[in-house]
Enquirer: 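What follows is a single structure, and I will ask about it in a moment.
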Amino acid sequence: MSARVVHCAVGPDVIDPVDVLSRVGSDEDGAALLFVGVVRNHADGRPVSGMRYDAYAEMARKELASIAHEAAQRLGTDRVAVEHRTGELSIGDVSVAIAVSSPHRAESFDAARYVIEEIKKRLPVWKKEHYDDGSDGWVEGTVPPGTGRRVPAMPDAEVEG
Amino acid sequence: MSARVVHCAVGPDVIDPVDVLSRVGSDEDGAALLFVGVVRNHADGRPVSGMRYDAYAEMARKELASIAHEAAQRLGTDRVAVEHRTGELSIGDVSVAIAVSSPHRAESFDAARYVIEEIKKRLPVWKKEHYDDGSDGWVEGTVPPGTGRRVPAMPDAEVEG
Amino acid sequence: MTLSVNTLFFASYRDLVGASTLEVELSEGATVGDLVDELRRRGAPFDALPEEPAVAVNQTYALLDEPLGPGDEVAFIPPVAGG
Amino acid sequence: MTLSVNTLFFASYRDLVGASTLEVELSEGATVGDLVDELRRRGAPFDALPEEPAVAVNQTYALLDEPLGPGDEVAFIPPVAGG
């Protein structure tokens with residue numbers, strides 16, 4: 001199937017989830033799914049007043065496009081639209097919106113989940129939480145796979161000598 | 001957690017998925033998910049021009065409320081909104097919309113999936129496909145669990161004598 | 001002594017029976033299974049109903065050995081296809 | 001012969017280093033790992049960078065034994081937290 005996707009963006013513009021959803025869908029599709037990530041008012045039990053998203057913007061755009069393309073392969077359609085926001089966000093602001101559609105529901109659930117999980121693993125984005133007491137801190141993140149080692153991992157557990 | 005849910009309806013009114021989504025969400029929630037079921041233009045490879053949804057309306061309302069309450073237990077919040085439409089629908093018309101929100105994404109994905117899977121298993125709703133050649137036919141369905149047998153299933157495979 | 005129940009047919013079962021409701025008289029102590037048997041004994045079109053259909057009594061799914069009371073609403077539920 | 005690469009620091013690494021970019025001269029044939037070692041040898045604050053950080057070369061994740069070329073953009077990527 002196509003590796004194109006209908007829409008992919010990283011940047012400071014406000015995200016309208018309804019607009020993202022409106023980019024997917026087709027007469028062939030019986031299922032559409034929209035995931036919305038929102039800044040919430042707590043983190044690990046600590047009250048949060050806002051969040052700053054930093055990104056390695058040029059790379060994040062490429063990486064998000066790769067993730068969306070991979071999701072399209074799983075989905076079996078090119079109907080994937082995703083936006084990730086950067087900058088200062090308040091409680092309730094949308095940080096990410098992912099919309100997909102497909103003939104049957106299983107592929108939509110799988111692909112939407114894939115996009116958000118890969119974003120968390122690989123997208124070069126960082127967030128700084130602003131706490132109610134005026135302090136702030138970087139959110140503990142995830143080391144992306146396929147980097148940070150001196151040698152590549154062995155493809156097989158055993159190698160014949 | 002609460003067994004209330006924010007919204008649940010079965011009937012002939014047009015479904016606005018954006019309205020359904022707007023019923024969930026809270027400052028505590030970092031994730032919201034919207035599933036939209038749409039009438040598609042094909043079924044098992046056969047062109048479809050429309051679909052009629054029949055329901056045992058009073059029972060469907062009760063059963064959908066039960067499903068939504070069960071989903072709320074899994075979700076850990078009361079933020080579940082679901083609408084199922086009945087009557088004559090055209091290609092692209094929304095037949096079902098399910099919105100949920102929760103502090104973390106895993107519960108939202110799980111609960112939204114639960115609602116649609118249980119609807120398919122248990123909701124007393126039937127659909128008649130209208131084919132492009134002018135004929136029509138009832139969609140092959142699923143026998144709901146917990147009915148249609150003469151005796152209850154044994155809770156254990158072996159019973160001591 | 002007899003009891004009267006209100007039987008409902010939906011979708012393909014309604015097409016089959018040619019009616020959406022039917023009042024049926026049963027002996028006291030009758031179960032849902034007895035109602036199914038009684039209808040199937042009447043011959044066509046009822047004998048085309050399954051021997052063990054899905055049913056709801058008063059809008060709750062029920063097993064066929066559930067006893068019926070006067071005025072109960074018993075729905076014959078073809079395989080469902082919502083969503 | 002030397003080669004010059006453009007090094008980028010993000011988020012907590014930028015806070016640590018106190019700069020978002022740094023041009024570094026390396027010997028020809030140097031790898032990403034050699035760049036890391038060179039920076040860490042400079043002492044504070046660079047010695048607080050991890051020995052095996054996640055890195056991207058020209059906006060693609062890379063292993064530390066990847067060889068560098070003149071003008072390459074090498075980003076130090078702290079654990080990511082998008083979404």
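Quick caveat, the model's predicted, so the values are computed rather than measured. A, B, ... follow the sequence lines: proteins, then strands. Residue 1 opens every chain.
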Enquirer: For Ala60(A), is it the side chain, the backbone, both or neither that has a heavy atom under 4.5 Å from a heavy atom of chain D?
Expert: neither
Enquirer: How close do Val55(D) and Thr147(A) get, heavy atom to heavy atom, and via which atoms?
Expert: N-OG1, 2.9 Å
Enquirer: Under the side-chain hydrogen bond (donor to acceptor under 3.5 Å, both in side chains) test against Gln59(D), which residue among Arg61(A), Lys62(A), Glu58(A) passes?
Expert: Lys62(A)
Enquirer: With a 4.5 angstrom heavy-atom cut-off, which part of Val125(A) approaches chain D: side chain, backbone, both or neither?
Expert: both
Enquirer: Tyr61(D) side chain to Gly148(A) main-chain N or O, any donor-acceptor pair under 3.5 Å?
Expert: no
Enquirer: Using only non-hydrogen atoms and a strict under-4.5 angstrom cutoff, which residues of residues 18-25 of chain D touch chain A?
Expert: none
Enquirer: Does Asp44(A) have more than 12 heavy atoms from other residues, nucleotides or ligands lying within 6.0 Å of its CG?
Expert: no
Enquirer: Heavy-atom distance under 4.5 Å to chain D: side chain of Lys121(A), backbone, both or neither?
Expert: backbone
Enquirer: If the contact rule is any heavy atom under 4.5 Å from chain A, which residues of residues 76-83 of chain D qualify, in numerical order?
Expert: Ile77(D), Pro78(D), Pro79(D), Val80(D), Ala81(D), Gly82(D), Gly83(D)
Enquirer: Would you mind telling me which of Lys128(A), Glu63(A), Arg122(A) has the largest number of heavy-atom pairs within less than 4.5 Å of chain D?
Expert: Arg122(A)
Enquirer: Atom CD of residue position Glu88(A) - does it have more than 12 heavy atoms of other residues, nucleotides or ligands inside 6.0 Å?
Expert: yes
Enquirer: Compare all side-chain heavy atoms of Phe10(D) with those of Asp54(A) and state whether any distance is below 4.5 angstrom.
Expert: no
Enquirer: Check each atom of Asp15(D) against the heavy atoms of chain A and say whether the ones under 4.5 Å are side chain, backbone, both or neither.
Expert: side chain
Enquirer: So what's closer than 4.5 Å to chain D heavy atoms on Ile116(A): side chain, backbone, both or neither?
Expert: side chain
Enquirer: Between Arg85(A) and chain D, with a heavy-atom cut-off of 4.5 Å, which part of the residue counts as in contact: side chain, backbone, both or neither?
Expert: neither
Enquirer: At a heavy-atom separation under 4.5 Å, does Thr142(A) approach chain D through its side chain, its backbone, both, or neither?
Expert: both
Enquirer: Could you please spell out the steps behind the side chain to side chain contact (heavy atoms under 4.5 Å, CB included) verdict for Glu73(D) and Tyr56(A)?
Expert: CA-CA 12 Å; Glu73(D) 178 176 297; Tyr56(A) 181 7; 2.3 Å; yes
Enquirer: Should the pair Arg149(A)-Asp65(D) be classified as a salt bridge under the 4.0 Å nitrogen-to-oxygen rule?
Expert: no
Enquirer: Relative to chain A, which segment of Ala62(D) carries a heavy atom at a distance below 4.5 Å: side chain, backbone, both, or neither?
Expert: backbone
